[in-house]
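Chain identifiers are assigned alphabetically (A, B, ...) following the order of the sequence lines, protein sequences preceding nucleic acid strands; residue numbering begins at 1 within each chain.
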Amino acid sequence: MAAVTRPQPELDDLPASSPPIDPWAQIVQGFDGNRSDLVPVLQRAQSLLGYLPPDAVRRVARWLRLSESEVFGVATFYAQFRFTPPGRHHVRICLGTACHVKGGVQMLETIQRRLGVGAGETTADGEYDVERVACLGCCALAPVLTLDEAIHGQMSVLKLQGILDAEASA
Amino acid sequence: MRAATLVRHVDEALAKARDPRAYITDDGKAEIRICAGTACHSSGRPAVTAAFKEELATRALVDTIRVVETGCHGFCEQGPIVVLWPSGLFYPHVRPEDVAGIVEASIVNDGVLQKRLYKDPETKQRIAHEKEIPFYIGQRRRVLALNGKIDPYSIDDYLAHGGYTALAKVLTDNDPAGVVEEIRRSGLRGRGGAGFSTGTKWYFARSSHGEVKYVVCNADEGDPGAFMDRSVLEGNPHVVLEGMMIAAFAIGASEGYVYVRHEYQFAVDRLRKALAQARERGIFGDGVLGSEFSFDVRITEGAGAFVCGEETALMASIEGRRGMPRTRPPYPAVEGLFGKPTNINNVETYANVPWIINHGADAFAAEGTPTSAGTKIFSLTGKVANSGLVEVPMGASLRHVIFEIGGGMLPGHHFKAVQLGGPSGGCLPESLLDEPIDFESLAAAGSMMGSGGMVVVDDSTCMVDFARFFLTFTAEESCGKCAPCRVGTGHLVSILDAICAGKGELADLDRLERLARVVKSGSLCGLGQTAPNPVLSSLRYFRDEFEEHIVQKRCRAVVCRDLVVYRIIPGKCTGCQRCVQVCPTEAITGPRADAHNLDPDKCIKCGSCYEVCRFDAIAGDAILIESRGQHAD
Ligand SMILES: Cc1cc2nc3c(=O)[nH]c(=O)nc-3n(C[C@H](O)[C@H](O)[C@H](O)COP(=O)(O)O)c2cc1C
Ligand code: FES
């Protein structure tokens with residue numbers, strides 16, 4: 001019988017009762033140290049640390065016996081990875097086709113005007129970071145943006161200003 | 001294993017996989033089905049579900065009626081969608097405060113809550129039942145058949161609705177070559193874009209020698225403006241897994257990967273849970289359903305790179321490298337993932353497989369056209385009245401999809417073009433609306449089937465800007481490995497930038513066409529080879545708009561910022577001051593009750609005043625955006 005892929009461990013599947021550990025142990029827990037673990041390990045590192053600090057890149061490289069530049073090269077290839085700390089709130093603005101057609105650019109500009117930062121940046125007070133994405137997969141609600149976990153559809157400049165006002169006064 | 005023993009084993013295993021105590025959805029039972037697709041979720045599904053549960057609890061109805069959260073119903077823009085069974089009543093845009101009324105009218109009593117029913121935008125009639133709504137009437141839901149019907153988290157639901165019987169059939173027939181032949185005969189072609197014959201692809205992978213082979217499912221869905229694969233995975237993850245497993249059995253693979261966008265967290269979650277359940281029930285893992293065939297799947301989350309949808313880049317990404325494509329041949333069927341023979345198909349392609357095995361190649365080929373068999377799912381969006389997910393037989397006309405199912409344009413908007421195939425496709429004008437939707441016709445018209453994005457645009461979309469949008473996207477997503485794509489797309493963008501800024505010259509149009517041909521013919525992978533399509537198709541059908549930008553410096557859609565001005569029409573302005581309040585640059589001034597003044601030097605053309613005037617102010621139409629070419633200034 002042929003060998004079968006071992007199911008990859010999920011963060012959620014890890015026993016909740018495990019003692020509080022150094023995030024590092026959690027980052028590599030369940031992985032074998034194969035080259036193909038690189039992206040999933042980086043993803044888990046980012047989900048635990050919020051971003052990929054130089055130290056994480058170094059440790060991942062050492063753990064997988066790769067050069068740091070190799071790991072950094074892979075990480076920078078993918079849009080998901082960030083190398084600076086995220087803001088406390090995370091704004092994602094969709095500029096996919098459906099959202100473009102319905103005015104997504106104006107949403108980005110409104111955000112830029114209000115927060116003073118553009119896509120890929122974090123406000124000086126560390127409150128917000130802004131990310132531009134190509135399609136959140138709910139195009140029927142275009143234009144779409146997300147603020148932390150909440151998805152806001154059928155946005156307009158005015159609605160967006162309302163949301164930002166509510167956030168600011170919260 | 002002897003044939004008879006094998007049949008017995010598989011039958012027993014399939015029977016054992018079912019949990020007799022599990023709740024099974026059924027149109028005949030009293031059920032409240034709430035769409036839990038991403039769009040309905042963001043329009044407020046969690047609160048609606050909670051409200052129904054609470055309402056049922058207070059009325060002590062919990063035991064008589066079941067609340068089921070299903071996959072996407074497709075009519076995303078109407079979300080959150082609730083359908084009641086056995087009546088089939090359809091309630092769109094349900095808010096928590098409507099719930100008590102709906103329960104009272106349609107569950108406790110036998111009636112309808114008239115004012116919350118779907119209203120046909122055209123006839124203004126209220127329509128009570130899902131199956132009577134024009135959006136659904138024109139469709140042929142085959143791949144999406146169980147979306148909206150079953151609970152994606154319940155393998156028992158899938159099993160009870162015929163799930164994994166196709167797998168059991170191929171295992172008991174034990175004729176992998178026959179499976180390949182059946183798929184080839186069905187005429188199924190890849191739904192991921194290129195439309196290659198799936199059976200032929202399987203044949204190559206099967207013919208390749210190798211102890212280890214892989215099956216990969218491409219769920220990267222990079223086309224910005226498309227969500228078919230997402231909805232299939234969210235609504236019915238098992239059908240994709242079953243299709244993959246049949247492919248694995250046919251080509252002799254024992255390991256599989258699903259490569260899914262990390263943005264699709266719902267899909268990832270449902271897929272993981274589905275896989276865990278299927279393993280528990282002996283459907284995945286060693287000795288699938290009591291046979292000698294073993295298969296398991298890993299889920300890899302893409303890390304956000306469009307080019308990783310390309311098959312060779314996708315495999316490099318799974319291997320932990322930069323997701324850069326390589327030249328083919330060797331094709332993945334010969335040398336794929338980790339250098340082993342690999343079969344890679346799209347989500348929707350796999351989702352068609354169980355149906356073909358259950359109903360036969362001939363039944364599949366009976367739907368669609370001679371060269372494009374079966375159905376195709378499209379995500380219909382843009383300025384169309386009914387946005388959502390649409391499944392139609394191949395060969396249906398664009399007009400049918402956009403005007404009958406899609407309900408035509410939003411009120412007050414005029415059809416200008418339909419964009420198919422995303423960044424690799426093109427825009428087709430009104431004159432081609434009667435073209436049938438099949439691989440060949442769309443390609444001949446200069447667009448392509450692509451994965452199924454269908455974006456309808458109206459007069460307010462500038463075709464030059466739209467072409468620039470796609471080119472900017474591909475230029476940014478170009479991995480940089482080959483020069484024609486890396487440098488060429490960048491140049492195409494800069495020429496389009498100049499035209500949009502009113503700084504183009506007529507010779508630019510020839511330059512665009514020449515450069516586009518170079519990029520198409522010289523690029524390494526499909527990204528570069530198709531990147532110029534949006535420009536070429538726009539030049540083919542909407543050349544006059546390009547020329548207008550160049551010669552008259554006019555943008556008729558009033559989109560290109562450098563070519564438009566904002567103006568207040570003094571006679572219409574009531575001086576309500578709403579625009580003064582929203583203007584971010586203090587470009588608008590004027591006392592209350594007097595017509596306001598707009599300083600064009602301060603105006604950044606952000607659109608706030610225009611929007612506020614139309615929706616929030618007394619006058620409603622006092623602010624005008626117009627092209628420079630229209631108005632002598
Ligand atoms: C730039 C680029 C992006 C692609 N993106 C996707 C994608 O998101 N999903 C997909 O299934 N196929 C995509 N493809 C097509 C794949 O390379 C491949 O043809 C497909 O997965 C094969 O499956 P099929 O035969 O079932 O269509 C893309 C191709 C290119 C060149
Ligand atoms: S284009 Fe924005 S959600 Fe799809």
Review point. Among T97(A), L42(A), L38(A), which has the most heavy-atom pairs under 4.5 Å with chain B?
Key: T97(A)
Review point. Which one, A75(A), A150(A), G137(A), A79(A), leads in non-hydrogen pairs under 4.5 Å with chain B?
Key: G137(A)
Check your understanding: Which one, A98(A), A134(A), A142(A), leads in non-hydrogen pairs under 4.5 Å with chain B?
Key -> A134(A)
Check your understanding: Should the ring pair Y78(A) and F81(A) be called parallel, tilted or perpendicular, given that the plane angle runs from 0 to 90° and is split at 30 and 60?
Key -> perpendicular
Practice item. Return yes if a side-chain donor-acceptor contact under 3.5 Å exists between D125(A) and T123(A), otherwise no. Key: yes
Review point. Is there a side-chain contact between L337(B) and E319(B), using heavy atoms and a 4.5 Å cut-off?
Key: yes
Practice item. Search all heavy atoms of V41(A) against all heavy atoms of F31(A) and return the closest pair with its distance. Key: CG2-CD1, 3.6 Å
Check your understanding: If you count heavy-atom pairs under 4.5 Å between each of G453(B), S387(B), C479(B) and chain A, which one has the most?
Key -> S387(B)
Check your understanding: If you count heavy-atom pairs under 4.5 Å between each of R561(B), Q265(B), Q78(B) and chain A, which one has the most?
Key -> R561(B)
**Study point:** Closest-packed option against chain B by number of heavy-atom pairs under 4.5 Å, given H100(A), Q46(A), E70(A)
**Key:** H100(A)
Point to revise | chain B contact via R92(A) - which portion, at a heavy-atom distance below 4.5 Å | key: side chain
Check your understanding: What part of E234(B) lies closer than 4.5 angstrom to a heavy atom of chain A: side chain, backbone, both or neither?
Key -> neither
Exercise for review: Against chain A, work out which of P584(B), S379(B), G607(B) has the most heavy-atom pairs shorter than 4.5 Å and name it.
Suggested key: P584(B)
Check your understanding: What residue in E263(B), E77(B), H262(B) has the most heavy-atom pairs under 4.5 Å with chain A?
Key -> H262(B)
Review point. Given a strict heavy-atom distance threshold of 4.5 Å, which part of C308(B) is in contact with chain A: side chain, backbone, both, or neither?
Key: side chain
Point to revise | T461(B) and K416(B): side chain donor to acceptor below 3.5 Å | key: no
Review point. With respect to chain B, which residue among G73(A), A140(A), C138(A), G153(A) yields the maximal number of heavy-atom pairs within a distance under 4.5 Å?
Key: A140(A)
Check your understanding: Looking at P534(B) and G422(B), what are the two nearest heavy atoms and their distance?
Key -> CG-O, 4.5 Å
Check your understanding: Any side-chain heavy atom of L389(B) within less than 4.5 Å of one from M228(B)?
Key -> yes
Review point. Below 4.5 Å, heavy atoms only, C-beta onward: do R578(B) and C613(B) meet side chain to side chain?
Key: no
Check your understanding: Less than 4.5 Å apart, any side-chain heavy atom of V117(A) and any of E127(A)?
Key -> no
Practice item. Counting only heavy atoms closer than 4.5 Å, note whether F338(B) contacts chain A via side chain, backbone, both or neither. Key: side chain
Point to revise | Interface moiety of F473(B) toward chain A, non-hydrogen atoms closer than 4.5 Å | key: side chain
Practice item. Pick one of side chain, backbone, both or neither for R113(A), based on which atoms fall under 4.5 Å of a heavy atom in chain B. Key: side chain
Check your understanding: Which region of T76(A), side chain (C-beta onward) or backbone (N, CA, C, O), has a non-hydrogen atom less than 4.5 Å from a non-hydrogen atom of chain B, or is it both or neither?
Key -> side chain
Point to revise | Residue pair V157(A) / C606(B): nearest heavy atoms and the distance that separates them | key: CG2-O, 4.4 Å
Exercise for review: Examine whether an atom of I604(B) lies under 4.5 Å from a heavy atom of chain A, and if so say whether it belongs to the side chain, the backbone or both; otherwise answer neither.
Suggested key: side chain
Review point. Is there a donor-acceptor pair closer than 3.5 Å between any side-chain N or O of D129(A) and the backbone N or O of T122(A)?
Key: no
Review point. Given the options N386(B), L380(B), V559(B), D465(B), which has more heavy-atom pairs under 4.5 Å with chain A than any of the others?
Key: D465(B)
**Study point:** Per-residue contact mode, L136(A) against chain B (heavy atom under 4.5 angstrom)
**Key:** backbone
Point to revise | Which atoms of V307(B) approach chain A - backbone, side chain, both or neither, heavy atom under 4.5 Å | key: side chain
Review point. Which answer fits A226(B), side chain, backbone, both or neither, if we ask what part of it has an atom under 4.5 Å from a heavy atom of chain A?
Key: backbone
Check your understanding: Is there a side-chain contact between F227(B) and T381(B), using heavy atoms and a 4.5 Å cut-off?
Key -> yes
Practice item. May I have the step-by-step check of salt bridge (charged side-chain N to carboxylate O under 4.0 Å, His left out) for R132(A) and E476(B), ending in yes or no? Key: CA-CA 12 Å; R132(A) 210 185 80 180; E476(B) 279 173 9; 2.7 Å; yes
Review point. Which bit of S460(B) comes within less than 4.5 Å of chain A, counting heavy atoms only: side chain, backbone, both or neither?
Key: neither
Exercise for review: Check whether R321(B) gets within reach of chain A through its side chain, its backbone, both or neither, counting any heavy atom under 4.5 Å.
Suggested key: both
**Study point:** Per-residue contact mode, V455(B) against chain A (heavy atom under 4.5 angstrom)
**Key:** side chain
Exercise for review: For each of A276(B), S317(B), A305(B), G480(B), tally heavy-atom pairs with chain A at distances under 4.5 Å, and name the one with the top tally.
Suggested key: S317(B)
**Study point:** E68(A) vs R62(A) side-chain heavy atoms within contact, under 4.5 Å
**Key:** no
Review point. Are the side chain of E221(B) and the backbone of R230(B) linked by a donor-acceptor contact shorter than 3.5 Å?
Key: yes
Point to revise | Side chain / backbone / both / neither for F75(B) at chain A, heavy atoms under 4.5 Å | key: neither
